[in-house]
Amino acid sequence: MKLNELINEVYLPLLEEKNGFHILCEPEFKSSLYNYLSNWEKIRKKEKNYTPIPPEQYPELPIAPAVKNDFEWKWRKQSLALVEKQIHKKNKPLILDLACWNGWLSNALTEKKNEVLAVDLFADEIDGMACKKFYKTTWHSIQCDTENLNFLKPLFDVIVVNHALQFMPQPIDYCNRLKKLLKPDGLILLAGINFF
């Protein structure tokens, strides 16, 4: 499916392409997002316990050698198994990978011939959508306000909230809003639920 077929027409003028992914943000949100990301990336680079994944290993996630002993990646491997188990009966479903991070789940699902739209706030080359260039598969991806997805049409067979529900201010309300993006027999999967 073409990307413009997934987006409500009134939002199409906001859509722009950058580094292999798209950006769709209202001007006010875009300004605050870029300020937030600039500060976040500075903090991320100073973290002493973070070792970047070698680019050639991204296609192997969540079981790449660089992450084989990492608890969080073992957890993501379980999430992938859960998602694959739930969607195996659907014929080439259209999947929304919500909070796609570095694209690991989008890649794994696309390899299985699913159609994927990935959305997230993050767009850098360590944890964000710019990592897309390290994969051999292709999928649509949009940097956007993940709390406000009104720009999307209700066309999705599956929505995967990818290890991110705990970051939403009102999780139950958020899930109820996500239901509006599903086809009548659609499914929401909450992967990696972890509340602080």
Closest heavy-atom pair and its distance - Val160, Ala191:
CG1-CB, 4.2 Å
Pairs involving residues 97-109, ordered by first then second residue, that meet side-chain hydrogen bond (donor to acceptor under 3.5 Å, both in side chains) (sequence neighbours left out)
Asp97-Ser106, Asp97-Asn162, Asn107-Thr137
Any side-chain to backbone donor/acceptor pair from Lys90 onto Gly186? Under 3.5 Å, distance only.
no
Side chain proximity check, Asp145 to Glu26, heavy atoms < 4.5 angstrom
no
Can you name the closest pair of heavy atoms from Pro93 and Asn114 and give their distance?
CD-OD1, 3.0 Å
Checking Ser31 side chain against Pro27 main chain: does a donor-acceptor pair fall under 3.5 Å?
no
Counting heavy atoms not belonging to Leu12, are there more than 12 under 6.0 Å from its CG?
yes
Trace of the side-chain contact (heavy atoms from CB on, under 4.5 Å) decision for Cys175 with Leu190:
CA-CA 9 Å; Cys175 289; Leu190 307 176; 3.9 Å; yes
Quick one: does Asn8's side chain have a donor or acceptor within less than 3.5 Å of a partner on Asn150's backbone?
yes
Evaluate the side-chain proximity of Val119 to Leu96: yes if any heavy-atom separation is below 4.5 Å, no if none is.
yes
Answer yes or no: does atom CD of Gln170 have more than 12 heavy-atom neighbours from other residues, nucleotides or ligands under 6.0 Å?
no
For the side chain of His140 and the backbone of Met1, is there at least one donor-acceptor N/O pair under 3.5 Å apart?
yes
